[in-house]
J.: 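There's a structure below that I have some questions on.
Quick caveat: nothing in here was measured; it's all calculated off a predicted structure. Residue numbering restarts at 1 for every chain, and letters A, B, ... go by the order of the sequence lines.
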There are 2 protein chains.
Amino acid sequence: MTTDERRRPDARPRAFEEVLARSEERIGADGLTVGDRLPGERQLAEQLGVGRSSVREALRVLETLGVVASQAGRGPDAGAVLTSRPGNALTDLLRLHLGLATLSMREVIDTRLMIEQWAAARAATANATANAAAPARTAAQTAAQTTEAQAAEAQAAEARTAEAETATARMAEAVAAMDAARDPAEFVKHDIAFHLALAEAAGNRLIVAVMRALRDALRRYAVDAVVRLGDTGGLQDDHRRIHRAIEDGDSVAAAAAVAEHLARAYPDSGPDS
Amino acid sequence: MTTDERRRPDARPRAFEEVLARSEERIGADGLTVGDRLPGERQLAEQLGVGRSSVREALRVLETLGVVASQAGRGPDAGAVLTSRPGNALTDLLRLHLGLATLSMREVIDTRLMIEQWAAARAATANATANAAAPARTAAQTAAQTTEAQAAEAQAAEARTAEAETATARMAEAVAAMDAARDPAEFVKHDIAFHLALAEAAGNRLIVAVMRALRDALRRYAVDAVVRLGDTGGLQDDHRRIHRAIEDGDSVAAAAAVAEHLARAYPDSGPDS
DNA sequence: AGACCAAATATGGTCAGACCATACATCCTG
DNA sequence: CAGGATGTATGGTCTGACCATATTTGGTCT
């Protein structure tokens with residue numbers, strides 16, 4: 001019932017963990033953001049009073065988590081640069097734990113269904129409000145915007161709306177590309193693009209990152225499913241229905257279409273399998 | 001539109017990446033599972049023709065992803081042992097990327113809403129079918145079970161059902177503990193236990209791991225929310241309604257109760273905030 | 001025979017130093 | 001001023017040494 005920390009319960013922290021903690025501290029305190037550089041490995045080692053190898057292990061952890069990327073050489077792009085790529089970490093995490101049988105395909109596919117239904121409904125709702133708000137946008141801009149925060153939020157909202165629009169456009173492009181696909185692998189490639197665009201249309205980067213990892217993990221599985229089905233016409237009908245429902249702002253129809261689509265693609269993975 | 005691999009596009013792999021690849025290969029091929037040990041660092045280095053430091057960096061990555069845990073000393077528990085703790089990796093991932101402002105609280109909270117609604121509906125549905133199946137179980141067991149796979153699946157399903165039952169029991173315990181809580185921090189502690197049990201009741205380990213990470217990231221935020229509300233009576237009413245809906249097998253009511261609960265806890269984070 | 005203590009040993013943890021590869025910066029030359 | 005040669009800061013890698021920890025082994029005393 002407690003923490004279940006079977007290993008390293010109270011051991012003194014290892015040197016690289018200290019480096020990790022201090023680095024994170026520093027990122028938060030100094031307000032470092034994506035693109036900024038960390039000190040060099042040798043300098044960092046001296047500052048923190050540890051060996052360079054410990055610094056390197058800490059950087060390896062940060063790199064694994066998609067927070068830094070290292071580049072040798074000299075100049076503004078060299079060194080350990082802060083980035084923001086959580087996707088690879090999630091992908092690796094899924095792949096390894098699927099390999100260890102910690103996770104089952106059923107769990108991954110169920111999670112995918114959850115996300116896509118939510119994303120489709122969310123994207124449709126966002127589209128509906130955007131459509132309704134568009135005529136009133138000019139009027140809203142004439143009204144006084146009292147605080148900077150409000151202005152920033154309005155700008156962010158507009159950016160999200162624009163991003164959602166390009167996302168739905170990418171969905172349509174992906175459908176066309178699937179029509180033109182000549183083999184299952186190519187079809188799946190654009191299928192992934194379609195479903196990723198669907199997640200992006202919902203405007204949540206965390207969801208997008210998880211979705212990307214799920215699809216990477218399921219890639220082979222998806223190709224097999226396409227081969228098994230033989231005919232991709234039904235899948236494409238589904239894709240068009242999903243896209244149309246989102247454009248129409250019909251969240252219920254969008255969620256239903258996604259559910260039917262995944263039931264068709266993975267018929268043996270229903271809630272009661 | 002391509003891979004956007006700005007860094008290390010085609011560079012030859014680093015030594016530790018080779019170690020990583022070979023180790024993963026080995027895990028898959030040799031059928032290693034949780035509890036098995038990897039060779040020692042020195043031995044691994046010699047086998048793969050790299051320095052020990054490269055082996056250590058690879059092990060650090062695996063440890064970060066929750067796949068191995070290292071322990072010094074001698075004996076069966078020493079060395080790099082395969083484990084399966086994806087939770088810490090997810091927690092670290094969220095924390096760091098929230099710190100870098102790659103992710104916003106809104107995105108995390110929306111994701112939590114998605115998961116909890118899904119989990120509540122799923123748990124309720126599972127409970128409903130379990131209730132319906134219970135009287136017929138003896139009859140089913142008398143029927144011939146043709147294949148081993150069927151028997152294994154039936155056993156797994158029963159295990160899931162049992163786990164779901166203990167999960168709903170833990171939900172009730174957590175509600176009682178929250179009633180007895182003397183300060184917001186303690187309340188939130190049991191609140192997290194409640195919502196984690198909710199995720200567990202849905203029977204999906206991936207969802208549970210993500211949920212755990214989300215709640216860890218939101219812990220401080222949740223305490224603030226409780227303090228702001230002042231009265232926890234409304235939250236407890238919600239908790240009881242969620243628990244009852246799941247026990248009754250009413251998935252629609254369960255999802256609705258969760259939505260209302262989170263709207264109460266985070267009123268400023270609605271879909272259109 | 002058994003209990004207990006000491007030494008050996010296997011394992012990860014850490015550091016220092018050296019060298020290589022890379023890529024920009026600088027300077028020198030024509 | 002253009003262009004190449006050199007310098008230099010950076011990560012990547014290996015080696016070897018030593019420390020810390022925990023089990024195994026073996027010896028010694030009762």
Side-chain angles (χ1 to χ4, degrees), chain A residues 5-23 32 35-83 85, chain B residues 5-23 32 35-83 85:
Chain A
E5 268 291 342
R6 292 178 312 172
R7 311 189 80 81
R8 309 192 168 287
D10 56 331
R12 76 176 148 75
R14 293 175 281 186
F16 87 91
E17 291 172 325
E18 176 71 14
V19 177
L20 226 36
R22 302 294 288 277
S23 299
L32 299 183
D36 292 339
R37 284 174 49 183
L38 263 45
E41 296 179 355
R42 293 167 179 84
Q43 189 179 342
L44 214 43
E46 197 186 6
Q47 283 180 13
L48 302 179
V50 300
R52 193 182 155 207
S53 52
S54 295
V55 170
R56 283 181 61 78
E57 291 186 14
L59 289 175
R60 204 61 68 216
V61 170
L62 292 177
E63 185 179 318
T64 300
L65 294 173
V67 172
V68 310
S70 293
Q71 182 78 18
R74 199 171 154 162
D77 263 22
V81 179
L82 288 181
T83 60
R85 308 177 71 79
Chain B
E5 268 291 341
R6 293 178 312 172
R7 312 189 81 82
R8 309 193 169 287
D10 56 330
R12 78 175 146 77
R14 293 174 281 185
F16 86 91
E17 292 172 324
E18 176 71 13
V19 176
L20 226 36
R22 301 295 287 278
S23 299
L32 299 183
D36 292 338
R37 283 175 51 182
L38 262 45
E41 296 179 355
R42 293 167 179 86
Q43 189 180 342
L44 213 43
E46 196 186 5
Q47 283 179 13
L48 302 179
V50 300
R52 192 179 156 209
S53 52
S54 295
V55 170
R56 283 182 60 77
E57 292 186 15
L59 289 176
R60 204 60 68 217
V61 170
L62 292 177
E63 184 180 319
T64 300
L65 293 173
V67 173
V68 309
S70 293
Q71 183 78 18
R74 199 173 155 162
D77 263 22
V81 179
L82 288 180
T83 59
R85 308 177 71 77

J.: Would you tabulate the side-chain donor-acceptor contacts of residues 39-46 of chain B under 3.5 Å, counting partners in other chains and residues two or more places apart, or write 'none'?
T.:
from, atom 1, to, atom 2, distance (Å)
E41(B), OE1, R52(B), NE, 3.0
E41(B), OE1, R52(B), NH2, 3.0
E41(B), OE1, R56(B), NH1, 3.2
E41(B), OE2, R56(B), NH1, 3.0

J.: Can you see which heavy atom on S70(B) is nearest to which on E63(B), and at what distance?
T.: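 Scanning both residues, the minimum pair turns out to be OG-OE1, 4.2 Å.
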J.: How close do S23(B) and L62(B) get, heavy atom to heavy atom, and via which atoms?
T.: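 Looking at all heavy atoms of both residues, the closest pair is CB-CD1, 4.4 Å.
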J.: Let's see if you can work this out: which of dG12(C), dC15(C), dC14(D) has an atom nearest to the side-chain heavy atoms of R52(B)?
T.: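 Selected nucleotide (nearest to the side chain): dG12(C).
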J.: Atom CZ of F16(B) and atom P of dT13(D): how far apart are they, to the nearest Å?
T.: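 It works out to 8 Å between those atoms.
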J.: S53(A) has a side chain; which of dC14(D), dT11(C), dC15(C) sits nearest to it?
T.: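 Closest of the options to the side chain of S53(A): dC15(C).
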J.: Evaluate side chain to side chain contact (heavy atoms under 4.5 Å, CB included) for L38(B) paired with L59(B), printing each intermediate quantity in order.
T.: CA-CA 10 Å; L38(B) 262 45; L59(B) 289 176; 4.1 Å; yes
J.: Verify side chain to side chain contact (heavy atoms under 4.5 Å, CB included) between V55(A) and V50(A), making sure each step is shown before the conclusion.
T.: CA-CA 7 Å; V55(A) 170; V50(A) 300; 3.8 Å; yes
J.: Who passes side-chain hydrogen bond (donor to acceptor under 3.5 Å, both in side chains) against Q47(A), sequence neighbours left out?
T.: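 Here the qualifying residues are R26(A).
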J.: Which atoms form the tightest heavy-atom contact between G66(B) and T83(B), and what is the distance?
T.: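 It is O-OG1, 3.6 Å.
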J.: What's the CG-C1' distance between L62(B) and dG12(C), to the nearest Å?
T.: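 From L62(B) CG to dG12(C) C1': 15 Å.
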J.: Given atom CG of D77(A) and atom C1' of dA23(C), what is their separation to the nearest angstrom?
T.: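 Rounded to the whole Å, the gap is 11 Å.
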J.: Are any of R60(B)'s side-chain N or O atoms less than 4.0 Å away from OP1 or OP2 of dG13(C)?
T.: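 Checking dG13(C) against R60(B), a side-chain N or O does come within under 4.0 Å of OP1 or OP2.
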J.: What nucleotide among dG11(D), dT14(C), dC15(C) has an atom nearest to a side-chain atom of V50(A)?
T.: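 For V50(A), the side-chain atoms sit closest to dC15(C).
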J.: Rounded to the nearest angstrom, tell me the gap between atom CD in E18(B) and atom P in dT13(D).
T.: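 The answer, rounded to whole Å, is 11 Å.
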J.: If you restrict it to nitrogen or oxygen atoms, what contacts under 3.5 Å exist between nucleotides 24-27 of chain C and the protein, and what is each distance?
T.:
from, atom 1, to, atom 2, distance (Å)
dC24(C), O4', R74(A), O, 3.0

J.: Between R56(B) and R37(B), which has a closest nucleotide on DNA chain C that is more 5'?
T.: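 Nearest-nucleotide comparison on DNA chain C picks R37(B).
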J.: Starting at CD of Q71(A) and ending at P of dG11(D), how long is that distance when rounded to a whole Å?
T.: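 One finds 10 Å between P of dG11(D) and CD of Q71(A), rounded.
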J.: What's S54(A) touching, base or sugar-phosphate or nothing? Going by heavy atoms closer than 4.0 Å.
T.: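 The answer is sugar-phosphate, as S54(A) gets under 4.0 Å only of primed atoms, P, OP1 or OP2.
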J.: Could you list the residues that satisfy salt bridge (Lys or Arg N to Asp or Glu O under 4.0 Å) with R22(B), not counting sequence neighbours?
T.: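 With sequence neighbours excluded, R22(B) shows a salt bridge (Lys or Arg N to Asp or Glu O under 4.0 Å) to E18(B), E25(B), given in chain and number order.
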J.: Just how far, in rounded Å, is C1' of dT13(D) from CZ of R14(B)?
T.: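 Atom CZ in R14(B) sits about 12 Å away from atom C1' in dT13(D).
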J.: Just how far, in rounded Å, is P of dG13(C) from CD of E17(A)?
T.: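 After rounding, the gap between these two atoms is 9 Å.
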J.: Let's see if you get this right: which residues in residues 40-49 of chain A place a heavy atom under 4.0 Å from DNA chain D?
T.: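 When residues 40-49 of chain A is checked for heavy atoms under 4.0 Å from DNA chain D, the hits, listed by number, are G40(A), E41(A), R42(A).
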J.: Inspect the contact between R14(B) and E17(B) and indicate whether a charged nitrogen and a carboxylate oxygen are less than 4.0 angstrom apart.
T.: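 A salt bridge is present here (some side-chain N lies under 4.0 Å from a carboxylate O).
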